[in-house]
Amino acid sequence: MIKLQTLLDKISESENITITTNTSHPFGQDNTCFYHPDRMISRAEILTKDTVPDTDTLYLTAKDQLLQNETLTQHIPDTAQPCLVLTNRDPGASFPLLLVPKPTNIDQLFHKITDRLRFEEQLQYEVNELFRLLHTGKGLEDIILHAEAMLGRGISVLDAGYSMLAVSPLMLQLPFGVERNEAGNFLSIQEAESLRRLQIEHQIYQHTQAFFIQTEDHPDTSWIFCSIRIQHVMSGYVAVCLPGQEQATEHELRLTTAISDICAVEMQKHDFFVWQTGLQYETFFSDLIEGRFNNLSMVETRFQVLKHHLGKFFCLAILYCTEPHNSELFNRRQMAALRKTFSGSMSVVYRNNIVLLINQDEPVLLRAELTGPLEQFAIHNHLKVSLSQPFADILKTNMFYEQAQHTLELSDMNDPDHHLFFSTEALPEYLFSKCSYAELESGIHYHIFQLQDYDREYHTEFITTLRAWLDHNRNAAQTAEYLHIHRSTLFYRIKKMEELLGVRLTDSRLLFLYELSLKVWDYLSK
């Protein structure tokens with residue numbers, strides 16, 4: 001089916017004729033007798049005196065034939081022939097008419113309309129088949145494989161960072177454009193530069209429908225491009241390659257537009273696509289977070305293609321909003337502010353959090369000049385920030401993202417009033433969280449249990465004293481002051497513990513094990 005107005009526009013354009021309505025004539029007392037541009041048309045027929053009209057058919061007739069049908073209106077102007085007749089629900093009511101100026105061959109017009117309806121039916125069938133793959137198919141690759149069979153053209157789907165999400169077999173046969181590595185297929189740096197230089201990339205961002213273009217860089221091919229938009233944001237595009245100097249047909253353009261719409265739905269099955277804000281590097285950054293790269297040269301190439309400087313030292317910050325907002329505008333504003341504060345950084349909304357990649361040539365030092373602005377930003381925007389440990393291997397981004405994310409979860413639970421958390425300070429808890437309760441309990445040094453049992457039986461305070469001794473870096477004056485005892489009392493307790501355990505509390509290796517054991521004990525006690 002096709003809307004009447006769309007059908008008439010296509011016929012008027014191809015036949016160079018003007019189709020008008022006779023709405024000035026009294027066809028009846030209700031609106032059903034008038035021309036409705038949104039009426040759906042599925043068939044066309046030549047009207048005869050024996051026709052039993054139905055509501056989704058467009059009838060063609062000459063004036064004299066129209067008058068022979070007793071169910072039709074007698075108010076036919078002399079200025080038009082033939083007429084296109086739309087039926088009403090009531091066969092006895094008058095017909096709204098679409099008037100075509102003389103001279104027009106009614107048989108030719110009928111065939112043109114029939115061809116157009118057949119074209120629309122076939123196109124709709126193909127689009128429906130592709131939409132059906134959203135439920136029965138196996139992702140973008142399956143959709144593109146079927147689309148290639150329909151078009152007979154090479155097709156690729158790329159995200160905004162030039163990563164090829166799906167490539168059809170015919171596209172892979174091209175001698176240019178595709179760069180392959182262990183992480184997948186990517187648009188080559190030469191082709192990315194070509195898209196920018198020829199302003200094709202700009203056109204992709206500007207157009208919402210498929211468009212055709214021939215480029216000087218590849219005179220042996222022509223191209224159709226169509227943006228993929230998710231929540232009105234350009235998240236990628238579809239590219240269709242045509243051989244030689246062929247012009248794109250209406251079928252190819254409209255089917256490509258439909259393919260981009262279907263890809264947008266398929267891509268939204270993955271969380272991070274839903275939250276893209278349109279910056280070109282965001283899908284690339286998301287791939288880094290997910291650990292999709294294991295080749296440094298490929299990462300360097302991606303940075304170069306995206307016009308972004310790759311530094312030598314990195315740190316990840318995850319910003320979690322404590323007041324859920326579901327606002328893309330909020331995320332965009334916060335990311336813009338962060339990129340302004342931390343020049344050279346990247347940011348993306350990933351799993352409902354803002355992730356910032358601090359990227360610089362000098363070692364990242366977690367000092368006040370770096371952490372201060374982050375903490376103030378978090379306080380002002382009702383956010384919590386977790387910082388990974390600084391690192392120098394960009395391929396390990398995924399590992400440090402998981403570290404920062406886990407630190408955020410642990411620290412927010414243990415210290416809900418703070419806004420800034422450091423993975424370096426949460427390393428023990430991070431490591432402990434990877435073990436079971438039984439594994440951690442068995443790792444506590446047995447001397448700790450001995451002191452605990454002794455305290456319980458003799459009402460001593462050896463565990464409290466040992467903990468204070470370790471917490472104050474074995475400084476006698478500070479430890480005694482903290483415990484509100486005399487230094488001689490502290491030394492007496494230390495001597496008694498040494499006798500009880502048969503050790504010297506000056507052994508750094510042993511004291512480390514005691515300190516680690518107490519941290520495990522505290523972790524298990526929460």
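Here the structure is a predicted model, which is why all the values come from computation and not from measurement.
- Ring geometry, Phe225 versus Trp223: the interplanar angle falls under 30°, so the pair is classed parallel (tilted spans 30 to 60°).
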- [ ] Would you check, one step at a time, whether the test ring pair (Phe, Tyr, Trp, His ring centres under 6.0 Å) holds for Tyr205 with Tyr237?
- [x] CA-CA 9 Å; Tyr205 272 79; Tyr237 62 91; 8.7 Å; no

Open item on the list: Could you walk me through whether Glu409 and Gln405 satisfy the side-chain hydrogen bond (donor to acceptor under 3.5 Å, both in side chains) test, starting with their C-alpha distance in whole Å, then the side-chain angles of each, then the deciding distance to 0.1 Å, before giving a yes or no?
Closed with: CA-CA 6 Å; Glu409 294 166 358; Gln405 179 64 30; 3.2 Å; yes

Open item on the list: Assess the residue pair Leu374 and Leu338 against the criterion (side-chain contact (heavy atoms from CB on, under 4.5 Å)); give the C-alpha distance rounded to whole Å, side-chain angles, the decisive distance to 0.1 Å, and a yes or no.
Closed with: CA-CA 8 Å; Leu374 261 180; Leu338 286 168; 4.1 Å; yes

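- Interatomic distance, NE2 of His218 versus CG of Leu174, reported as 9.0 Å (0.5 Å rounding).
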- [ ] Give the C-alpha distance, both sets of side-chain angles, the deciding distance and a yes or no for side-chain contact (heavy atoms from CB on, under 4.5 Å) between Leu296 and Ile394.
- [x] CA-CA 8 Å; Leu296 182 59; Ile394 191 69; 3.5 Å; yes

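- Side-chain N or O atoms of Asn353 include none that pairs as donor or acceptor with a backbone N or O of Tyr320 at under 3.5 Å.
- By the 6.0 Å contact criterion, CD on Glu246 is enclosed, its count of non-hydrogen atoms from other residues, nucleotides or ligands being greater than 12.
- The aromatic rings of Phe284 and Phe303 sit perpendicular, their planes meeting at an angle over 60°, well past the 30° parallel limit.
- The number of heavy atoms from other shown groups lying within 6.0 Å of CD (Glu13) does not exceed 12.
- Side chains of Pro243 and Arg153 form a contact here, defined as non-hydrogen atoms less than 4.5 Å apart.
- Leu130 places a side-chain heavy atom less than 4.5 Å from the side chain of His146.
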- [ ] Take Glu126 and His251 through the test side-chain hydrogen bond (donor to acceptor under 3.5 Å, both in side chains) and record every step on the way to the result.
- [x] CA-CA 10 Å; Glu126 293 175 342; His251 172 258; 2.6 Å; yes

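- Remark: side-chain polar atoms of Ser386 are paired, donor with acceptor, to backbone N or O of Ala404 under 3.5 angstrom.
- Side-chain contact between Arg197 and Asp217 is present, with at least one heavy-atom pair separated by less than 4.5 Å.
- Taking the six-membered ring for Trp, Tyr401 and Tyr350 have ring centres closer than 6.0 Å.
- A donor-acceptor contact shorter than 3.5 Å is absent between the side chain of Gln360 and the backbone of Gly344.
- Distance check: Met150 CE to Ile259 CD1 gives 8.0 Å after rounding to the nearest 0.5 Å.
- Taking a 6.0 Å sphere around CD of Glu362, one finds it holds 12 or fewer heavy atoms contributed by other residues, nucleotides or ligands.
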